[in-house]
Amino acid sequence: MRKGPLSVVGASVLWGTAGTAGLLVSADSVALAAARLVIGGAVLATFAGAGLRQVARPGLLLGAAAVAAYQLCFFAAVGRTGVAIGTVVAIGSGPVFTGMLSWVLHGRRPSGRWTLATTAAVCGCAALIVGGGAQAGGQVVSGLLFALLGGLLYAFYAVTAARAIEDGGQSNAVMGLMFGGAAVIMLPVLLLGGVGWLAEPRGLVAVLYLGLATTALSYFLYGRGLRTTPVATAATLALAEPAVAALLGLVVLGERLAPVSVAGLVLLALSLVAVAVPERERALESQA
């Protein structure tokens, strides 16, 4: 039971390295996201093998479409609002929508501890990113709507995957079907955007890392985490992603954090610890 949250946090740490790795690539963000998803999805589907047929169902195919649509909504959002605001709304709204969908669809009402910790984590995430000084762009309203839609899409495919795993589906097969399907959807986007940039050695290495580590390996870990971690808790723990990205910017890229960002980082870390505690308590109770 205790390994579930650790697997989710491990996935979040890998997600947090994507931004730094992406700086090595000259391609635009949409093409990069498509290449990352195509590579990672293909690996997950290959690893799942024959298990794909055992979990094939309409819900997971809708989840695959949601995975692909999330990528497009996220980049549409940051293109209109700026990276800071778009990221805060898309990533920050994900856990909220996940808790709501888990409650509405499956009757799992989030605990008071989860609600408080998630609220604090979202505030910490906002302070961490906005403290960097980035400003929103012009088309703010439409950008915010795209960001919220992205958060809802993330929540949908997370809840869908968790439900399939709880119903007995192998986590590897569930993730392989969703992300393999998303790879098929995003392949035309990649081809239409051009793949000449993949001929650059540095770009090829970076996109392989993004596909293999920050997509295939991370969602393999995320799927394993969902075996024993409630999806609402997992979505909140995934907010470790912007914290890792900020720390890499500080250590690797030589960026500087404003005091409000440091405070946000501390608040986010404390919130993630708090949201994981109930899972440990339940595990101990079940062993008693």
Consider only side-chain heavy atoms of I, L, V, M, F, W and Y, link residues closer than 4.5 Å, and tell whether Leu72 and Leu190 are in one cluster.
yes
Please examine the side chains of Leu37 and Val67, heavy atoms only from C-beta on, and report whether any two atoms are closer than 4.5 Å.
yes
Output yes when a side-chain donor or acceptor of Thr229 lies under 3.5 Å from a complementary backbone atom of Gly225, and no otherwise.
yes
How far does CG of Leu149 sit from OG of Ser142, to the nearest 0.5 angstrom?
12.0 Å
Contact check, side chains of Thr214 and Arg36, non-hydrogen atoms, under 4.5 Å:
yes
Is Leu61 reachable from Leu44 through a run of hydrophobic residues whose side-chain heavy atoms are each under 4.5 Å from the next?
yes
Of all heavy-atom pairs between Ala234 and Val8, which one has the smallest distance, and what is that distance?
O-CG1, 3.4 Å
Can you see which heavy atom on Gly41 is nearest to which on Thr215, and at what distance?
N-CG2, 4.4 Å
If I compare all heavy atoms of Thr160 with all of Gly59, which pair ends up nearest, and what's the gap?
CG2-O, 3.4 Å
Approximate separation, where rounding is to 0.5 Å, of Phe97 CZ and Leu148 CG
5.0 Å
Minimum heavy-atom separation for Ala42 to Ala183, with atom names?
N-CB, 4.2 Å
For a 4.5 angstrom cut-off between non-hydrogen side-chain atoms, does Val159 reach Thr98?
yes
Could you state whether Tyr222 and Ile39 fall into the same hydrophobic cluster, counting links through intermediate Ile, Leu, Val, Met, Phe, Trp or Tyr residues with side-chain heavy atoms under 4.5 angstrom apart?
yes
Above 12 or not: heavy atoms from other molecules or residues under 6.0 Å from OH of Tyr154?
yes
Nearest heavy-atom pair of Ala206 and Ala21: which atoms, and what distance?
CB-O, 3.7 Å
Contact between Trp197 and Leu32 at the side-chain level, heavy atoms closer than 4.5 Å - yes or no?
yes
Spacing of OG belonging to Ser171 relative to CG belonging to Leu226, to within rounding of 0.5 Å:
8.0 Å
Which label fits Phe47 and Phe220: parallel for a plane angle under 30°, tilted from 30 to 60°, or perpendicular past 60°?
perpendicular
Using the ring of each side chain (for Trp, its six-membered ring), is Tyr70 parallel, tilted or perpendicular to Tyr157, with breaks at 30° and 60°?
perpendicular
Spell out, yes or no, whether Val184 and Phe179 are grouped together once hydrophobic residues are joined by side-chain heavy atoms under 4.5 Å, including indirect joins.
no
Value rounded to 0.5 Å, distance of CG in Leu62 from CZ in Phe156:
5.0 Å
Indicate if Val25 and Leu191 have the same hydrophobic cluster label, given that clusters are the connected sets of ILVMFWY residues with side-chain heavy-atom separations under 4.5 angstrom.
yes
Would you name the heavy atoms of Ala45 and Leu52 that are closest together and state the gap between them?
O-CD1, 3.7 Å
Hey, does Tyr209 have a side-chain heavy atom less than 4.5 Å from the side chain of Leu14?
yes
Whichever hydrophobic residues join Ile185 through chains of side-chain contacts under 4.5 Å:
none
Using 0.5 Å steps for rounding, measure from the CG atom of Leu152 to the CG atom of Leu101.
6.0 Å
CG-CG distance between Leu177 and Leu60, expressed to the nearest 0.5 angstrom
5.0 Å
